[in-house]
Amino acid sequence: MRRRDFIAVIGGVATAWPLGAGAQQKAKLPLIGVLNPGSTDTPGTAGFYEGMRELGYSEGSSMAVERRYGDWKTDRFLELAADLVRLKVDVIVVISTSPARAATQATGIIPIVVGGMADPVGDELIVSLARPGGNLTGTTFLGPELIAKRFGLLKAAIPVLTRVAALWHPAAYGKRTIEGMLRETGAAAQSLGLQLQLVPAVGPADLDGAFATMTREHAEAVILLPSPMLYGEHKHIVELAANSRLPAMYAAREFVEDGGLMSYGASLPDLFRRAATYVDKVLKGANPADLPVEQPTKLELVFNLKTAKQLGLVIPREFLSLADEVIE
């Protein structure tokens, strides 16, 4: 090769290399759409973002995020999901079951990862836990399965209990799952000889009236049925229970950390952190249909002894020995 030709080749490479590098630096970041049913992020949602950071993702540098909030208005979920589809996101991350149904109506192609589902098979989101079979996968917190256990623990903590209210959110999940939860609730109360008062709350604005109803009808304690809306309002609910002097059994430890009496269930932040691993796999080419839905491997009983004393409760020592954690 003549010297002049060699210099020309080298010059061409030197010119092309910065252009190629610049194009690579400007490569499109994976776009994640997050559909939250409430008006703000919950502790569970924070677990998802923490999980993504642990996997090496950083918003703005290695991923982009589009957030949509439903303000607990179920009639908005489909519109918000369709908006994310129009943006051509790479994956839709959904907080809970109700907006997940809207996401599946909006797209059968874009992968959907759901954190904290109650009964995804019962709600017809997937074919089976082992092989979801569509474009949706994620984690479940065992919603209906733990209701009887929570009733039993509440009665064990307060043996003199005779009348209990159950606070529930009618739009929390699909019709089949909600009906199953109510059946389990009635059966659990009956098996323990408890009079049951079902108290619905359609949205946050109904919570004050719900607790007023419990007090008026002489409830001695309250148990919360699983619901993303109730979870999102946990600080307000703990305050209402304290003002009503009602011992309460919750589904998540965040209630107890904020002054509630007791909780039994899986860690929702952990479930959402695990949901991040699904997003990572999908972004790397995995098919949601082949990613089994993950169930929690650990359930914990958390008890607030300080709250029990404020309520004037005498808790059996045998019960306290069952707790995974006692807050004093």
Side-chain angles (χ1 to χ4, degrees), residues 43-44 47 116 118-119 139-168 180-197 214 219-227 230-231 234-235 237-242 244-274 294-328:
D119 182 3
T139 63
T140 175
F141 65 92
L142 300 176
E145 295 91 336
L146 301 181
I147 290 175
K149 180 70 172 180
R150 292 191 182 105
F151 268 91
L153 289 169
L154 181 61
K155 178 68 172 176
I158 313 173
V160 296
L161 188 64
T162 62
R163 183 171 177 81
V164 62
L167 181 65
W168 65 293
M181 285 187 176
L182 294 179
R183 272 196 311 272
E184 289 291 327
T185 300
Q190 184 178 19
S191 69
L192 295 169
L194 296 171
Q195 297 179 52
L196 178 64
Q197 175 192 3
M214 296 176 205
E220 299 168 356
V222 58
I223 185 167
L224 268 67
L225 301 193
S227 156
L230 299 180
Y231 178 62
H234 67 277
K235 292 181 182 293
I237 290 172
V238 167
E239 181 182 357
L240 289 171
S244 305
R245 294 195 61 78
L246 280 173
M249 162 61 89
Y250 303 104
R253 68 174 295 135
E254 284 78 13
F255 290 89
V256 186
E257 291 173 343
D258 284 326
L261 181 63
M262 58 192 295
S263 67
Y264 180 71
S267 167
L268 294 181
D270 282 351
L271 288 179
F272 280 94
R273 189 179 294 108
R274 291 295 304 160
E294 185 173 312
Q295 295 177 294
T297 56
K298 179 184 177 183
L299 303 171
E300 57 182 0
L301 172 62
V302 183
F303 190 84
N304 194 317
L305 193 58
K306 180 180 178 181
T307 300
K309 292 176 180 177
Q310 291 172 343
L311 292 170
L313 298 174
V314 179
I315 305 299
R317 184 175 301 175
E318 296 80 6
F319 173 82
L320 291 176
S321 68
L322 299 174
D324 296 282
E325 182 177 347
V326 175
I327 298 174
E328 300 188 55

Under 3.5 Å donor-acceptor, [X] side chain and [Y] backbone:
| X | Y | value |
| --- | --- | --- |
| Thr139 | Gly116 | yes |
| Gln295 | Thr140 | no |
| Asp324 | Val302 | no |
| Lys155 | Leu161 | yes |

Note, [X] side chain near [Y] side chain (heavy atom, < 4.5 Å):
| X | Y | answer |
| --- | --- | --- |
| Ile223 | Val164 | yes |
| Leu301 | Glu325 | no |
| Val256 | Ile327 | yes |
| His234 | Asp258 | yes |
| Pro226 | Met181 | yes |

Worksheet item: Do Leu192 and Leu154 pass the side chain to side chain contact (heavy atoms under 4.5 Å, CB included) test, and can you show the C-alpha distance, the side-chain angles, and the key distance before you say yes or no?
Response: CA-CA 10 Å; Leu192 295 169; Leu154 181 61; over 6 Å; no
Worksheet item: Which residue pairs satisfy the ring pair (Phe, Tyr, Trp, His ring centres under 6.0 Å) criterion with at least one member in residues 296-327, sequence neighbours excluded?
Response: Phe303-Phe319
Listing, residues 262-272 side-chain donor-acceptor contacts under 3.5 Å, not counting sequence neighbours, or none:
{"unit_1": "Ser267", "atom_1": "OG", "unit_2": "Asp270", "atom_2": "N", "d": "3.3"}
{"unit_1": "Ser267", "atom_1": "OG", "unit_2": "Asp270", "atom_2": "OD2", "d": "3.4"}
{"unit_1": "Asp270", "atom_1": "OD1", "unit_2": "Arg273", "atom_2": "NH1", "d": "2.3"}

Worksheet entry | Counterpart residues, salt bridge (charged side-chain N to carboxylate O under 4.0 Å, His left out), relative to Glu239 (two or more places apart) | none
Under 3.5 Å donor-acceptor pairs involving side-chain atoms of residues 306-313, not counting sequence neighbours:
{"unit_1": "Thr307", "atom_1": "OG1", "unit_2": "Gly259", "atom_2": "O", "d": "2.8"}
{"unit_1": "Thr307", "atom_1": "OG1", "unit_2": "Asn304", "atom_2": "OD1", "d": "3.2"}
{"unit_1": "Thr307", "atom_1": "OG1", "unit_2": "Asn304", "atom_2": "ND2", "d": "3.4"}

Discussion item. Going by the rule side chain to side chain contact (heavy atoms under 4.5 Å, CB included), which residues pair with Ala242 if we only count those two or more places apart in sequence or in a different chain?
Written reply: none
Item to complete: Return the set of residues passing side chain to side chain contact (heavy atoms under 4.5 Å, CB included) with Glu318 (not counting sequence neighbours), or none when no residue passes.
Response: Pro316
Practice prompt. Decide yes or no on side chain to side chain contact (heavy atoms under 4.5 Å, CB included) for Thr162 and Glu220, but give the supporting numbers first.
Written response: CA-CA 7 Å; Thr162 62; Glu220 299 168 356; 2.8 Å; yes
Worksheet entry | Listed partners of Tyr250 passing ring pair (Phe, Tyr, Trp, His ring centres under 6.0 Å), at least two apart | Phe255
Fill in: Glu300: side chain to side chain donor-acceptor pair (under 3.5 Å) partners, not counting sequence neighbours
Arg253
Response to the item:
Tightest non-hydrogen contact, residues Ala189 and Leu196, listed as CB-CB, 4.0 Å
Discussion item. For Ala248 versus Leu261, what's the shortest heavy-atom pair and its separation?
Written reply: O-CB, 3.5 Å
Worksheet item: Rounded to the nearest 0.5 Å, how far does CG of Leu146 lie from CG of Leu153?
Response: 10.0 Å
Discussion item. As an exercise, state the distance from CG of Leu240 to CG of Leu246, rounded to the nearest 0.5 Å.
Written reply: 10.0 Å
Discussion item. Strictly by side-chain hydrogen bond (donor to acceptor under 3.5 Å, both in side chains), give each pair with a member in residues 183-196 just once, sequence neighbours left out.
Written reply: Arg163-Gln195
